[in-house]
Protein chains: 2
Amino acid sequence: MFSKSCEYGIKATLYIASNSNNGNRVSLNDISENIDSPKAFTAKILQKLSKNKIIQSIKGPSGGFEITTENMNNLRLSHIVKAFDGDDIYKSCGIGLEECNDSKPCPVHSRFKNIREELKRMLETTSILDLANGLTEGLTFLKH
Amino acid sequence: MFSKSCEYGIKATLYIASNSNNGNRVSLNDISENIDSPKAFTAKILQKLSKNKIIQSIKGPSGGFEITTENMNNLRLSHIVKAFDGDDIYKSCGIGLEECNDSKPCPVHSRFKNIREELKRMLETTSILDLANGLTEGLTFLKH
DNA sequence: TCTATTTCGGACAAGAATATCCTAAATTAT
DNA sequence: ATAATTTAGGATATTCTTGTCCGAAATAGA
Ligand code: SF4
Ligand code: SF4
């Protein structure tokens, strides 16, 4: 469904958010250990999140990553997905015709439409904070 | 959502089905032209469909590909998807934890679950014939 | 100022997906 | 039989994604 990068991006953001909730800044090492992702690759992911102003990065000793309360509240899952995978998931569903529209639909169009819209709606209404809270409360997990 | 291979696989099957409906056997050339896909690559796709007994292939002059009425009726979209992409789409949704379960859910689990199940249900209930009919009747299209 | 820590960013490597090419095998028609 | 057509399948190429490596830049503390 999502690219590996996007999956790591979501996990990393949520891990950072859950820690920022508690006032803790976290390092690349922390993150890649706790979300079970390759360290060097995760560094790239974090750079991208940082450039997209989803998280904040601080260099130097006792540096690391954090996310502002404002961002946690305002940013949605859709923002992260968009940063990594673009809006493909909203457009090129089904069998990937170049231009999709209702007036010249592909055979699976009507069947996929609802699902696609439900997914879109879910991503656009779920905030980082919503998801991070479950982590903080120990109700959900980022690795097994 | 699906791999390119899977998309071609779906399109090819539907094109063949729509033609088998009219008693026409179609060749690789026909198919790749009408679904707008790279010919050599499409040949591989057709081989896979054939090995998976989704379509039938006939060699030699006036050979080509066709699909039986029985297969059109019995086979679902899910069979094609499974042949190309496995059952990933049913398992590794959301952020791709290795083992997914309700008792140790990832943060997006509850939100993704419904969507995933709806997708699964749709794929498992949509037959090749359902989709091919729309094509035959000129209501839906495989290229623009 | 010097050192240690930590992110940044460019270059490179490995792997997977996508795509092409060419020859073999089967089948039909002549 | 021979030639023409069409699928089968192995080898190879290209492109994209995923992943690693290493030195530069920033920053905190001694
Ligand atoms: S399902 Fe609709 S939107 Fe998706 S590829 Fe087909 S025509 Fe386009
Ligand atoms: S949403 Fe559920 S099933 Fe999907 S990866 Fe997360 S825990 Fe697993």
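Lettering of chains follows the sequences in order, A, B, ..., and the numbering in each one begins at 1.
Between A:Leu46 atom CG and D:dG19 atom C1' the separation is 15 Å, expressed in whole Å. In this entry the distance linking CG of A:Asn29 with P of C:dA4 reads 18 Å, nearest Å. The distance from atom CD1 of A:Ile45 to atom C1' of D:dT18 is 9 Å, rounded to the nearest whole Å. When the C1' atom of D:dT18 is taken as reference, atom CD of A:Glu7 falls 12 Å away, rounded to whole Å. The distance from atom CG of A:Asp30 to atom P of C:dT5 is 15 Å, rounded to the nearest whole Å. Atom P of nucleotide D:dT6 and atom CD1 of B:Ile58 are separated by 13 Å, given to the nearest angstrom. Counting to the nearest Å, the P atom of C:dA19 and the NZ atom of B:Lys48 are 14 Å from each other. Spacing between atom CG of B:Leu28 and atom C1' of C:dA25 amounts to 16 Å, rounded to whole angstrom units.
Counting heavy atoms of neighbouring residues, nucleotides and ligands inside a 6.0 Å radius, atom NZ of A:Lys53 does not exceed 12 of them.
OP1 or OP2 of D:dG19 has at least one side-chain nitrogen or oxygen of A:Tyr8 nearer than 4.0 Å. Proximity of B:Gln47 to the phosphate of D:dG9: a side-chain N or O atom is located under 4.0 Å from OP1 or OP2. Contact annotation: A:Ser62 does not reach the phosphate of D:dT27 (side-chain N/O to OP1 or OP2, under 4.0 Å). The side chain of A:Ser27 places no N or O atom within less than 4.0 Å of a non-bridging phosphate oxygen (OP1 or OP2) of C:dT5. At D:dT7, none of the side-chain N or O atoms of B:Ser50 fall inside 4.0 Å of OP1 or OP2 (strictly under the cut-off).
Distance from the side chain of A:Ser5 is smallest to D:dT18 among C:dT7, D:dT18, D:dT20. The side chain of B:Ala40 has C:dC21 as its nearest neighbour among C:dC21, D:dT18, C:dC8.
Taking 4.5 Å as the limit, some side-chain heavy atom of B:Val108 sits within range of a side-chain heavy atom of A:Leu131.
In terms of position on DNA chain D, the residue among A:Lys59 and A:Cys6 whose nearest nucleotide sits closer to the 5' end is A:Cys6. With the nearest nucleotide of DNA chain D identified for both A:Pro61 and A:Ser3, A:Ser3 has the one nearer the 5' end. Of the two residues near DNA chain C, A:Lys51 and A:Gly60, the one whose nearest nucleotide lies more 5' is A:Gly60.
Checked by distance alone, A:Lys44 brings a side-chain donor or acceptor within 3.5 Å of a matching partner on the base of C:dG10.
The minimum heavy-atom distance linking A:Ile54 with A:His79 is given by the pair CD1-O, 4.1 Å.
Using a cut-off of 4.0 Å between Lys/Arg side-chain N and Asp/Glu carboxylate O, A:Arg121 and A:Glu118 are scored as not salt-bridged.
At a cut-off of 3.5 Å, with distance as the only test, a side-chain donor of B:Ser18 or B:Thr136 sits close to an acceptor on the other residue.
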